[in-house]
Amino acid sequence: MWVIKDPISLQFFQLREEEFEILQWLDGFSSLEQIKDRFERRFAPKRITTEGLNSFVASLHRNGLAISDAPGQGEPLLRRYERQRRTSRMSSFANPLAIRFRGLDPEHLLQWLYPKLRWVFSPWSMCVCVTLVFTAMLLVITQFGQFHTRLPAMNALLSPGNLIWLAIAIGVTKLIHEMGHALTCKHYGGQCHEMGVMLLVFTPCLYCNVTDAWKLPRRWQRIAISAAGIIVEIVLASICTIFWWFSQPGLLNTVCFNVMVVCSVGTVLLNANPLLRYDGYYILSDALDTPNLWQESRSRVNRLASRLFLGYDPGNPLTLRPR
């Protein structure tokens, strides 16, 4: 796969090798027929129709990866850009449980913060985190009976007073969660140019756009960036579990319990769930080395349905896949 980043719009596109070759052959002099013949010689026995090639070139033009010297392109391009902006704004409200409002560019903040927190990525820091997680797990397993007895009832958890602390816990932990993604991306050489406010289950928190991870050639680095938020929440849950167990009822005990619930249950059911398009989905996508896993899986289901019910295979035409 080839990853192309538009430095102006900060959009990323992934192209297969044959798609990237076609993009390079668009030199302004070669006709579609010449490119078609060159494609079939270069990637034999694969074949491509002129209509499919023209459709792919049109998709390159729509996404700003190719230009034309034909006159009168300004107004259509401006109208398309405005439509894309409207679509982007509307898509922000498509999921009422996770509404994003784009904010500032945090790159300067991360450049200042990362040198001060570089120690977090050291081996000894990793060992401390693993020790904390195993200590909390051992505490829960060995003291499960007493642990279960000390858990507050559901009506106490959903009481108005505790709901305030629960909302604060969600906001703070999600802020730390997203900063974990951003700092890990920074650690591996990426950049973060978008930080905004997200209404997550109607609770405001921050989010960071770390799509620069798609430029990294090593799969494990992309997995580490996707998993950073989950790791941060698991460590926070472990610390709060220990403090909750050894503290008396009061403010510290209440805060630790709410953070423990948010970082453990929320992480397992939402962020780590690969069936939802959160961190778990992107971890699985990189682990399988299958970009755009959701689109690819839907395409394969459609192909299977076409073969079973319509008796033909629509194939896998060249398509441009923005990430």
Side-chain angles (χ1 to χ4, degrees), residues 1 3 106-143 169 172-195 205-247 252 255-256 259-268 270-274 278-291:
M1 305 297 295
V3 178
E107 184 60 26
H108 293 296
L109 172 64
L110 294 174
Q111 289 178 358
W112 173 82
L113 187 61
Y114 172 71
K116 297 174 174 56
L117 295 177
R118 187 185 289 115
W119 59 268
V120 173
F121 301 95
S122 63
W124 67 266
S125 177
M126 299 296 180
C127 292
V128 171
C129 292
V130 171
T131 302
L132 286 171
V133 172
F134 274 101
T135 300
M137 292 176 58
L138 187 63
L139 180 63
V140 172
I141 293 173
T142 57
Q143 305 291 334
V172 173
T173 55
K174 295 310 173 184
L175 168 61
I176 300 174
H177 175 109
E178 297 301 331
M179 291 303 294
H181 288 305
L183 288 171
T184 306
C185 184
K186 191 73 176 175
H187 178 69
Y188 291 118
Q191 294 181 338
C192 176
H193 288 286
E194 181 183 342
M195 175 179 284
C205 59
L206 293 180
Y207 77 93
C208 287
N209 188 335
V210 291
T211 49
D212 249 32
W214 295 332
K215 295 193 308 179
L216 301 175
R218 297 181 180 178
R219 190 190 314 180
W220 67 268
Q221 292 177 336
R222 300 194 300 270
I223 293 175
I225 294 172
S226 298
I230 296 176
I231 294 173
V232 167
E233 291 202 37
I234 290 176
V235 174
L236 280 176
S238 302
I239 294 173
C240 289
T241 298
I242 296 171
F243 275 94
W244 175 76
W245 178 258
F246 291 105
S247 63
L252 177 63
V255 171
C256 288
V259 174
M260 179 178 66
V261 171
V262 170
C263 291
S264 57
V265 178
T267 295
V268 172
L270 294 177
N271 284 315
N273 188 347
Y278 296 122
D279 296 341
Y281 164 83
Y282 292 105
I283 292 172
L284 179 62
S285 177
D286 285 319
L288 297 177
D289 200 18
T290 305

| request: Kindly write out the residues that satisfy salt bridge (charged side-chain N to carboxylate O under 4.0 Å, His left out) with E233, not counting sequence neighbours, or none if the list is empty. | output: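 Here the qualifying residues are K174.
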| R118: what forms a salt bridge (charged side-chain N to carboxylate O under 4.0 Å, His left out) with it, not counting sequence neighbours? |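 By the salt bridge (charged side-chain N to carboxylate O under 4.0 Å, His left out) rule, R118 matches no residue at all.
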| said: When you measure from the side chain of S285 to the backbone of Y281, do you find a donor-acceptor pair of N or O atoms at a distance under 3.5 Å? | reply: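 Not confirmed, S285 side chain does not pair with Y281 backbone.
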| said: Given 3.5 Å as the limit, does a donor-acceptor pair link the side chain of D212 with the main chain of G190, or not? | reply: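 No.
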Minimum heavy-atom separation for [X] to [Y], with atom names?
X	Y	value
M260	T241	SD-OG1, 3.1 Å
L138	T142	O-OG1, 2.7 Å
L110	M179	CD2-CE, 3.7 Å

Does a side-chain heavy-atom distance below 4.5 Å link [X] with [Y]?
X	Y	value
F121	T184	yes
C208	C192	yes
V255	F243	no
D279	H177	yes

| query | Can you list the residues that meet the side-chain contact (heavy atoms from CB on, under 4.5 Å) rule with S122, with sequence neighbours excluded? | reply |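 So S122 forms a side-chain contact (heavy atoms from CB on, under 4.5 Å) with W124, S125.
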| said: Is there a side chain to side chain contact (heavy atoms under 4.5 Å, CB included) between Y188 and W220? Walk through the geometry before answering. | reply: CA-CA 11 Å; Y188 291 118; W220 67 268; 3.3 Å; yes
Let me check something: any side-chain donor-acceptor pairs from residues 224-232 under 3.5 Å, sequence neighbours excluded? List them with distances.
from, atom 1, to, atom 2, distance (Å)
S226, OG, R222, O, 3.2

| request: Supply the atom-to-atom distance L117 CG to W112 CH2, rounded to the nearest 0.5 angstrom. | output: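 Here the rounded value is 8.5 Å.
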| request: Please lay out, stage by stage, how V120 and L183 fare under the test side chain to side chain contact (heavy atoms under 4.5 Å, CB included). | output: CA-CA 10 Å; V120 173; L183 288 171; over 6 Å; no
Contacts under 3.5 angstrom, residues 126-136 side chains, donor-acceptor by atom type, not counting sequence neighbours:
from, atom 1, to, atom 2, distance (Å)
T131, OG1, C127, O, 2.8
T135, OG1, T131, O, 2.7

| query | With Y114, which residues qualify under side-chain hydrogen bond (donor to acceptor under 3.5 Å, both in side chains), at least two apart? | reply |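 Testing Y114 for side-chain hydrogen bond (donor to acceptor under 3.5 Å, both in side chains), a comparison that skips the adjacent residues, returns H187.
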